[in-house]
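Inspection log for the structure reproduced underneath, given as structure tokens.
Note that these values count all heavy atoms, side chains included, but never hydrogens, waters or copies made by symmetry. A quick note: this is a predicted structure, and the numbers were derived from the prediction, not measured. Just follow the structure's listing: the first ligand is 1, and inside any ligand the first atom is 1.
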Amino acid sequence: MSSFSIAWLDLREPADFSARDKSLVNHALNWLGQKEDPISPDRILVDLGSGTGSTLRALTKLGASNFVWRLVDLDGKLLDEALKRHGKQLLIEDYQADLTVVNELPLTGANIVTASALFDLASREFCDALIARIDSRKTAIYAALNYDGTTQWSPQHPLDEAVLAAFNKDQLRDKGFGPALGPAATAYLKTQLENAGYTVQIAASPWQLHGQQQQLVEALIDGVANAVAHDYGIDQNALDEWKQFRLQHAATGNCTIGHWDLLALPATKS
Ligand SMILES: C[S@@+](CC[C@H](N)C(=O)[O-])C[C@H]1O[C@@H](n2cnc3c(N)ncnc32)[C@H](O)[C@@H]1O
């Protein structure tokens, strides 16, 4: 598993929140509301790769209430942080578990399975096994912020295209799930979920970054430069020059990074 620091997750969270397609969230919450049972009003949401709880915070801000928040992550530090931040106000069940052991995931009774910034790290095999395990008659899926392979920088630099091509190849590296789907994640999930009988909607959720997110942009530039520094045939001096140029424009330039959100609802016929 790649490890994710609390600092990095905190840094990206505001950009993720702005980028999320709010209409898909509303649609999901409406669907969940219709399922409300007066005897047992708490609905169960299972957030895969929850980190410190960014999905929980986003959905709560957008009106989600009365959930059991079942957070699943391999990293105990991130789960502890989620409990520290929300354990007193919300009903949280934390599970430190490896998502790749799909048969043991705590999905029993789930009304919805959610994930943010996860499925581009995951593999086809993981998606197939997860879809096979989920009860497609009852459980919705909300998978937000899956990177789509597009990045536009302004101002442009002659090496942008080569860096992006290398970065997108690097996105396919195994992140603990087998070869990663990377930019193909949304399309793959959509097809497989439709084949499993779901009604699937997708919506663009690009990061639109500018000087106000300078720290995030700088971290991103650093991450991209590190990811492509070896193995992809980019000249190191040219890459250093690209990085310097990008950092020099981090406060004044713009950057758009493509992501997609997906909502899959059980077919109404059930
Ligand atoms: C990009 S982070 C996203 C975290 C959170 N959803 C967010 O949006 O802030 C991916 C998360 O998946 C978790 N993760 C990665 N591989 C995992 C695995 N095999 N089993 C469980 N969790 C995993 C990481 O620990 C991390 O919290």
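Within ligand 1, counting atoms from 1 as listed, the ones closer than 4.0 Å to a heavy atom of A97 are 20 (N), 21 (C). Taking a cut-off of under 4.0 Å to the non-hydrogen atoms of S50, the atoms of ligand 1 that pass are 5 (C), 6 (N).
Residues satisfying the side chain to side chain donor-acceptor pair (under 3.5 Å) criterion with E93, sequence neighbours excluded, are R70. Here Y147 pairs with F167 under the ring-ring contact (aromatic ring centres under 6.0 Å, His included) rule; sequence neighbours left out.
Among the atoms of D98, some N or O lies under 3.5 angstrom from an N or O of ligand 1. Between S116 and ligand 1, an N or O atom pair is found at a separation short of 3.5 Å. Inclusion of L74 in the set of residues having an N or O under 3.5 Å from an N or O of ligand 1 is warranted. Considering both main-chain and side-chain atoms, D73 comes within under 3.5 Å of ligand 1 through a nitrogen or oxygen pair. Polar contact with ligand 1: present for L99 (N/O pair, distance under 3.5 Å). Residue contacts with ligand 1: G49 is placed with a nitrogen or oxygen under 3.5 Å of a nitrogen or oxygen of the ligand (distance criterion only).
The closest side-chain donor-acceptor pair between Q244 and Q248, if any, does not fall under 3.5 angstrom.
Salt-bridge check for D240 with K243: failed, with every basic side-chain N at 4.0 Å or more from each acidic carboxylate O.
In this structure, the side chain of N30 does not engage the main chain of H27 through any donor-acceptor pair within 3.5 Å.
Look at G176 and you'll find every heavy atom at least 4.0 Å from all atoms of ligand 1.
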